[in-house]
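Here's the structure we're looking at; comments come further down.
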Amino acid sequence: MHEQRAKPPAIYDLKGLNCPLPVLKARKRLAAMRPGGRLWLETTDPLAVIDIPAFCADAGHQLVETAAVTGGHRFLVERGSAA
């Protein structure tokens with residue numbers, strides 16, 4: 001018997017949006033998810049490297065992974081229990 005794997009995190013394309021829209025849209029999308037759910041945020045806004053980690057800390061979400069990609073950044077966020 002093998003473990004049931006959780007489906008991979010969804011990808012939320014926030015490319016082309018500037019501050020504060022990536023955080024505002026991420027907040028709304030995460031609020032609709034269950035605690036523990038994971039979501040990739042893809043951004044092109046250079047300020048997202050400051051805004052997304054700060055948003056996660058303030059909102060009680062966990063920033064699991066951050067990666068620089070061509071033209072922007074990706075952030076893997078796990079929804080916290082409080083929101």
Side-chain angles (χ1 to χ4, degrees):
M1 197 154 114
H2 57 279
E3 288 182 29
Q4 184 178 13
R5 291 202 155 231
K7 64 181 182 176
I11 296 172
Y12 195 17
D13 184 354
L14 299 168
K15 295 185 288 251
L17 300 176
N18 292 322
C19 181
L21 288 175
V23 166
L24 294 176
K25 289 183 171 284
R27 175 180 286 130
K28 187 173 182 179
R29 179 85 177 255
L30 285 160
M33 294 172 59
R34 289 186 176 168
R38 290 187 172 189
L39 180 66
W40 277 108
L41 306 175
E42 294 190 340
T43 66
T44 52
D45 181 3
L47 293 177
V49 296
I50 298 167
D51 295 343
I52 298 293
F55 156 67
C56 290
D58 289 348
H61 303 306
Q62 182 180 354
L63 183 57
V64 177
E65 187 178 329
T66 301
V69 295
T70 304
H73 286 84
R74 283 174 51 126
F75 305 90
L76 181 57
V77 177
E78 183 174 305
R79 188 193 188 283
S81 55

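Everything quoted here is computed from the prediction, not taken from an experiment. Numbering starts at 1 and runs along the sequence shown. Just so it is clear, the values below take in all heavy atoms, side chains as well, and ignore hydrogens, waters and symmetry mates.
Within the 4.5 Å cutoff, no side-chain heavy atoms of Pro22 are placed close to those of Leu41. Side-chain contact between Leu30 and Val77 is present, with heavy atoms from C-beta onward closer than 4.5 Å. The side-chain heavy atoms of Leu63 and Thr66, taken from C-beta on, include a pair separated by under 4.5 Å.
Contacts classified as side chain to side chain donor-acceptor pair (under 3.5 Å) and involving residues 44-59 (residues at least two apart or in different chains) are not found.
Separation of atoms CZ (Arg34) and OG (Ser81) is listed at 15.0 Å; rounding is to 0.5 Å. With rounding to the nearest 0.5 Å, the separation of OH in Tyr12 from CZ in Arg74 is 15.5 Å.
Placement of Trp40 and Leu17 in two distinct hydrophobic clusters is found when ILVMFWY residues are connected by side-chain heavy-atom separations under 4.5 Å, directly or transitively. A continuous path of ILVMFWY side-chain contacts below 4.5 Å connects Ile52 to Ile50, so both sit in one hydrophobic cluster.
The backbone N or O of Gly37 sits nowhere less than 3.5 Å from a side-chain atom of Arg79 that would complete a donor-acceptor pair.
Each of Leu39, Val49, Val64 was checked for a side chain to side chain contact (heavy atoms under 4.5 Å, CB included) with Phe75, and the lone residue meeting it is Val49.
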Can you list the steps and then say if Glu42 with Ile11 is a side chain to side chain contact (heavy atoms under 4.5 Å, CB included)? CA-CA 7 Å; Glu42 294 190 340; Ile11 296 172; 3.5 Å; yes
Should Leu14 and Lys25 be marked as a side chain to side chain contact (heavy atoms under 4.5 Å, CB included) after you check the CA-CA gap, both sets of side-chain angles, and the distance that decides it? CA-CA 8 Å; Leu14 299 168; Lys25 289 183 171 284; 3.8 Å; yes
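Residue Pro53 comes nearest to Ala48 through the heavy atom pair CD-O, 3.5 Å, listed as atom of the first residue, atom of the second, then distance. When all heavy atoms of Arg29 and Ala10 are compared, the closest pair comes out as NH2-CB, 3.9 Å.
Evaluation of the ring-ring contact (aromatic ring centres under 6.0 Å, His included) rule for Phe55 yields His61 as partners, not counting sequence neighbours.
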